[in-house]
Each structure stands twice: as structure tokens, then as C-alpha cells.
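Not measured: the values here are computed from a predicted model.
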Amino acid sequence: MRDIIHLNQDWRFIQSDAGLPSQLPDDWKQVDLPHTWNAIDGHDGNGSYDRKKCWYAKSFQTPKQPLEGGRVYVEILAAGQQASVYVNGKEAVYHEGGYSIFRADITDLCKDGEENLLAVACSNEHKDSVYPQSADFTFYGGLYRGVNLISVPKTHFDLDYYGGPGLMVTPKPCESGGATFEMNSWVTEPDENFTVIYTISNADGAEVASAVRPADDAKVTVYVPDAVRWEIDHPYLYTVKAVLQRRNEAYDEVTVKAGVRSFSCDPQKGFIINEKETPLRGVSRHQDKLYKGNALTKEDHYEDARMIKELGANTIRLAHYQHSQDFYDACDELGFIIWAEIPFISVMNADPAAHENCISQMKELIIQNYNHPSICFWGISNEILIGGISDQLVENHKKLQELCKQLDPTRLSTIAHVTMTPVEGPMHKITDVESYNHYFGWYGGRMEDNGPWMDNFHKVHPDICLGLSEYGCEGIITYHGPEPACKDYSEEYQALYHEHMAKVLDERPWIWSSHVWNMFDFGCAARDEGGVAGRNNKGLVTMDRKTKKDSYYIYQAYWSSKPMVHLCGKRYAQRAGDTTQVKVYSNQPSVALYVNGKLAEEKSADKVFVFDVSLENGFNIVTAVAGELKDSTTLEKVEKEPSIYVLPEVNERAEGVANWFKLAGDLDLKAPMEFPEGKYSVRDSIEEISHSKEAMEIVAEAVKLTMNMKVVPGEGMWDMMKSMTPRKVCEMAGSMVPEGFMESLNAKLIQIDKL
């Protein structure tokens, strides 16, 4: 029978390319898996992180297999981003792609009765043939999900096909109330003596159906009467077991969980599960945590899933790569609809080898995760037009779509368009459904632009199922104020933004899905904004999972059926002025607010309750009451609010824009823009402009003033932005760009000769 041995303890690690060891090194650091060498520098704000090749080593005994001809496999659950695996000095496998399972048969490399040396060289260096090429998150390196040895008889369920389990189960509900289970398994080196025995057990462990097939043709369909559906609020799971039998002896066994559900999308009705219209409203999630990086335990994954369930979300977009089997299992058990995707993101590499890596990662994603009932959507790319469009890019997407349908015709494919993707164009109608990443109200435009944009797209394309795959804004819990505004990074503006977005989406159930960017703050070593470098701070929850921002609770008010009340602004603890505004979020019909034990006011409202109250000098106890629910905080009335409540850059940026126009002099900024030959202009790519130090300094200042982002050649998110033009940046920023700003930028650039 199969024996799985976890090799997660007592590894040796060196954070350098020390080369293949001939014996277990005693001078390397001792570590346990999961492990990443970027647990700290991947998000500590120092501007970069260690991207290199590093080595792991461990000794192991060859597992004893009682049957002659047994095989031993090494299973790597993930290795970021490329990895070579060696046993006793010989290469067993090389793998490209940092997020999927891969295995190798190492039987012939092992020594019986002696210690064996397992060595793994992991690299998170850039490689042209490996995705992601460039993205807004840290590419952690390491053996961050664990390593197993798998011992099996010579004849066994397949372990060699793209890291899959060797068993594929497709439950389909029937009109009669039952369900069919299509089951297929693949067996290595079977003969006529082998059969596969399938059994299906319900959630109580009782067997409800079974079938037997020859091992060399093990596909079969069985019927389960009165099958219980897998629902979001009742995620009922069946257990499907395949046993490889030789006469009276079981040789191998594979078990998976399965769920019976039907689903579809309709452009006018949105998402439909088990014949019920159910708008998908939820979050995106990255797989890292403060000072752990992506080396998360099973408990970490389940904690994340439970926190999202507590929010009231019914969907998660697992960005931007394959996640841990532990997290997919949690989603199956807790009842989430999952969008799973590959890291084909931001920038396409035209190298054919890169496209082959895309295909390989898509095969691994689908084959390894086919049995998870929570997964309903395969994502083929994210914001890929940041790097520009080409015929090859469009064709590559069509090939990925064909691959998805070939491997899994039961699920829908989807795509996350960057906000600048034209409403009309060749990137539409490739996938089954579509979504956009829009940051109106943060990177550009106003939050009020979101609804009208969706309505217009829906009008132009009434036959396309439209979703909102990303939206959000930074919220740093240090910053507060009575007049929150875009780009002030305050917790209050983030909450105000999400108040608006929750309402916009609630009013448009035909939006098939929406995913807040992001559930948790996450590591992006290249970022430096808002006074918290090294991270993307758009999370509803801090990266350490310790603090739920006020924005978390507005979604709980909209999405959770459990009664709740939340008093906002608790971290805005010291307030000046004769009156102050107090907000309460609740899914109850009315809320009463008490100040120092006295009723200030009782209001009826929908989710957001706003009170203007007077505070007494010194400390004040403020309590919100909704029926039996209460929430309380203490606020201090002060003469002047702490300076730390305001990000210094907020005032500096306003002054900077004024100085920019002052230096523009007497230019007629309303005159048509000119583009003299041999001069730089806003139509040139930022990469081309960077050839001139003078021109690049002007563009960098413009981007900083309008979008509060640093653009430095070769640093940060350079690879994502270098192909963009200043004109495109200004168009993205929308109303955040003052009138005449782009004209003045062009006027400055056309004074400089191209190099």
C-alpha cells in the first residue's frame, strides 16, 4: 500500500548558491519546512529582497516497500520559483513555476539500507521562460509548502501526470434529485489481475454507491440516489475512494472529496448555483503573512478562510497563482466559490518558452485541483495589457482558453482585464465570462465613476457576463481625519470608499462576481507609499491578521446574515472640534448612539448610520446599540489632533502640484499639444524617456505628484510601468490629474532632444 512520509523536519539550508553538497552539510542553518528565505525582507520596506539561488539538504532512509518492484517518489508541494532536485548527487527533476506540486521517481537513485542525501536548489531569480515575469507582489523563494516521500507498489495510481492525484471525479446533479458521479483513474503498469474498486460515502461515512472496473480501463459512471447538493451555506461533501485491487489484496488507494452542484452565469442574472441566482461577493487573497512570508501552515490557511467566512463573503479570488491544497480544502469545507488562476500577469514575454510555461502551469492548476467543488472558474490572465497588446498575446489567450475547455469542460473560464482595456477590442469574448480591475477613486477618477462604467459596459455588451475582479484603496490605521480624501491613506477614506462600492454592487446583482483587493495586506517589496513601504496596504485586515480595519465591517454589514453592529473610528481616538462625526455599521434596522451614558440619537438607516455628536473635554465613552447588540469605545476631545494622523505627503503633494504649474510659466496650456520630431513627448514610453536623465526626472515627478507612485528605472514596479506612456498614466489617473497638467508635462518634454 501507499505510504506517505512527511520530510518537513530538520533540513539544512544555506542562503547562497553554495553548490550541490556531497554529504549533509553540518555548517548550514537548520530549518523546518515550510520555509522561505524572504520571510522578512519580502515585505520589511527596505526596497528590495533576496532573489537568488539557495540550497536545501536533508538525509533520509529509503522507505521499505514489501512488494517487489516498488517505487519511491519525492513530492515537492511548491518551490519558488524554479527548482532542481537531486538525490545522492544526481538530478531527479527540474521544475519551472513556483506554485504547484511536482514529483519525481527517485527509486533508482536511492541506496537501500543507507542514508540518502536529498538536495534542492531553489531560485526566485527572474527567468524569461517562467511566469510571473513582473507583478505587484513579492516572489518569495523557498520550499514553502513542504516535501513528501511517497512509497508505492510497482502498480499504483499514477503519480507522474502534472502532479495530479490520479483520480478524477465529476459529480452531476440529475432532475430526479439524484446525481451521477463520473469517475476515472489512471493506473501505472496494470495487468489483467488488477481492478479498481470505487466507493462513494456520504458525509456521515455511509457508503451510498460503488462500482468496479478493470484497472486498464477504469472509467465508470455511478448513480447516487437523493444526492445532497453542495451549497454555499451547506457545503456537503462526499468521499470518493478508489482502491487498486489485485485479487484479495489492496495495492494502492486514493481518496478525494467531491460535491454535487450545478452552476452557470447569465449576463442579466449573474451567477447561478443549483438553479438559484446568487451574486458572488467576496475578496481576493494572497498567500503570505507578516514575517512568515508565504511559508504558511495548514492552520494559517484555515484561519484565513474562517476569517473570510466571518466577513460574510461567498467567493474568493485566489490571486495570482495556484494556492495550497490546504486552502482549497478549506474552501470546499466552508462553502466558497473559487476563482483559481495562473500567474500570467502584467507583462507577456514573447519567448515561445514562456508560453509553454503558461500552458504547463495551467495544466498543473487544473489537473491538480479538478476535484475541488469550490472551484468554479479558471482564470487565464490578469492585467496582461499593462505590457501592451499584440496579435501573439491575443492568440496565446485563445490557446489557453482551448486548453481549459479540453482539460475541464465542466467549469467556466475567466479573465481579469486591466482598467485601460478598451470596452471594444480583441480581448473580449475569449473567455466564458469576464471581469475588470478598476480603481476609480484611488489610482484615477472618482469612486462615483464605478457604477456608470459598469452600466455602460453592460449596455454595450449585454451578452457578456461582467464582474469586478479587483477594486480597493489603501487604508493605514495610523491616519485619520474629519475630511477623508483620496490618496490620504486614512482608514476613514478606505471605509468611505468601500461604503460606496458595497452599495454600488448591491444595486447590480447582474455583476456575476466582485472581489475586494485585498482581504489582507500583503508583501510587495517594491512598493513605497503611504509611509508603509514593502507592502500593499489595501487589505481589509492587516498583514499580521491582528486588526480588522473599519472597511472590513461594512462588508460584514452587507453580506453576513448574522446580526452585527460595529462602531467605526476607534483608532481615531483623539479628536478636535466642537462636534465630531461617529459612524456605525450594522445590518440591523436602527441604531442608538450613547455618549457618556446619555442617548445622543437613534436612527434608522441601511447599513451606514451617521451621527454628529458633541464631546465633553477629556475622555468620552461612546456606545452603539442595535437591539441586543452593543459596541463601545473611548474618544478623547483635544485642542489639536496628533500630527501622526496626517501623512506628510498629503500636504507636500498639493504644494508640489502648485509649484509644478508655477514653473510652467506662461505656457498656453489650452493650446493643442505639439509633438516635434526628435523630441520627447507624452506619447513616448516611459522606458524610452528613461534614456534621458533630464526627461526621466520630469516624468518621475509627474507620476509622483498625480498618483503618488515612484518610478525608478530598474527598481520597484519598473517592469510593469516601463511600457506605458505618460499620456496613458494621466488617462488612468483621470480626475486626479489637474486640468492642464498633461499639457504642461508635454510642454516640458518637447524641450528635450531624444537620445
Side-chain angles (χ1 to χ4, degrees), residues 99-100 161-165 167-173 179-184 221 229-232 235 237-238 240 256-267 269-276 278-280 282 284 314-323 325 327-329 331-332 335-344 358-382 397-416 429-435 464-467 469 512-513 515:
Y99 308 99
S100 52
Y161 190 63
Y162 290 97
L167 171 63
M168 186 170 72
V169 181
T170 309
K172 296 181 179 179
T180 59
F181 281 64
E182 296 176 5
M183 298 176 291
N184 197 5
T221 299
R229 298 287 184 98
W230 185 94
E231 304 274 7
I232 291 172
L237 293 172
Y238 288 88
V240 179
V256 301
K257 299 290 187 180
V260 178
R261 78 282 188 270
S262 66
F263 64 90
S264 62
C265 280
D266 182 275
K269 299 177 181 179
F271 183 73
I272 302 166
I273 182 168
N274 298 325
E275 292 80 51
K276 292 181 290 189
T278 307
L280 296 179
S284 295
N314 60 14
T315 181
I316 310 174
R317 180 183 174 206
L318 292 177
H320 289 296
Y321 38 72
Q322 184 175 163
H323 284 233
Q325 289 297 314
F327 198 83
Y328 294 120
D329 288 344
C331 294
D332 293 342
F336 290 108
I337 301 299
I338 297 302
W339 166 334
E341 64 188 43
I342 58 172
F344 188 27
C358 246
I359 290 173
S360 175
Q361 293 203 52
M362 182 62 79
K363 287 180 177 178
E364 291 173 329
L365 177 70
I366 294 176
I367 291 165
Q368 292 174 22
N369 297 287
Y370 182 91
N371 295 315
H372 290 289
S374 58
I375 298 176
C376 293
F377 301 92
W378 302 121
I380 67 173
S381 75
N382 175 76
H397 277 74
K398 291 179 178 179
K399 289 178 179 177
L400 287 171
Q401 168 71 3
E402 292 171 5
L403 178 63
C404 286
K405 291 304 173 184
Q406 173 191 337
L407 293 175
D408 183 7
T410 72
R411 290 182 172 92
L412 299 176
S413 61
T414 186
I415 188 172
K429 300 185 179 180
I430 295 175
T431 54
D432 299 321
V433 299
E434 302 180 29
S435 282
I464 292 179
C465 297
L466 176 66
S469 38
W512 71 267
S513 74
H515 297 93

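- At a threshold of 4.5 Å between non-hydrogen side-chain atoms, the residues Leu407 and Lys363 count as touching.
- Contact check for Phe377 versus Cys265: side-chain heavy atoms found under the 4.5 Å cut-off.
- Side-chain contact between His397 and Phe344: present, with at least one pair of heavy atoms (C-beta onward) separated by less than 4.5 Å.
- The backbone N or O of Pro279 lies less than 3.5 Å from a partner atom in the side chain of Asn314, making a donor-acceptor pair.
- A donor-acceptor contact under 3.5 angstrom links the side chains of Ser413 and Gln401, judged on distance only.
- Of all heavy-atom pairs between Tyr328 and Leu365, the closest is OH-CD1, 3.9 Å.
- Under the 3.5 Å distance criterion, the side-chain polar atoms of Lys405 are left unmatched by any main-chain donor or acceptor of Thr410.
- Under the side chain to side chain contact (heavy atoms under 4.5 Å, CB included) rule, Tyr370 has a single partner from Ile375, Val169, Thr170, which is Thr170.
- Note: Trp512 and Trp339 have parallel aromatic rings, judged against thresholds of 30 and 60 degrees for the angle between ring planes.
- Counting heavy atoms from C-beta on, the side chains of Pro173 and Arg229 come closer than 4.5 Å.
- Inspection of the Gln325 and Asn369 side chains reveals an N or O donor paired with an N or O acceptor under 3.5 Å.
- At distances below 3.5 Å, at least one donor-acceptor pair connects side-chain atoms of Glu434 with backbone N or O atoms of Lys429.
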Intermediate values then yes/no, side chain to side chain contact (heavy atoms under 4.5 Å, CB included), Trp230 and Ile273: CA-CA 9 Å; Trp230 185 94; Ile273 182 168; 4.2 Å; yes
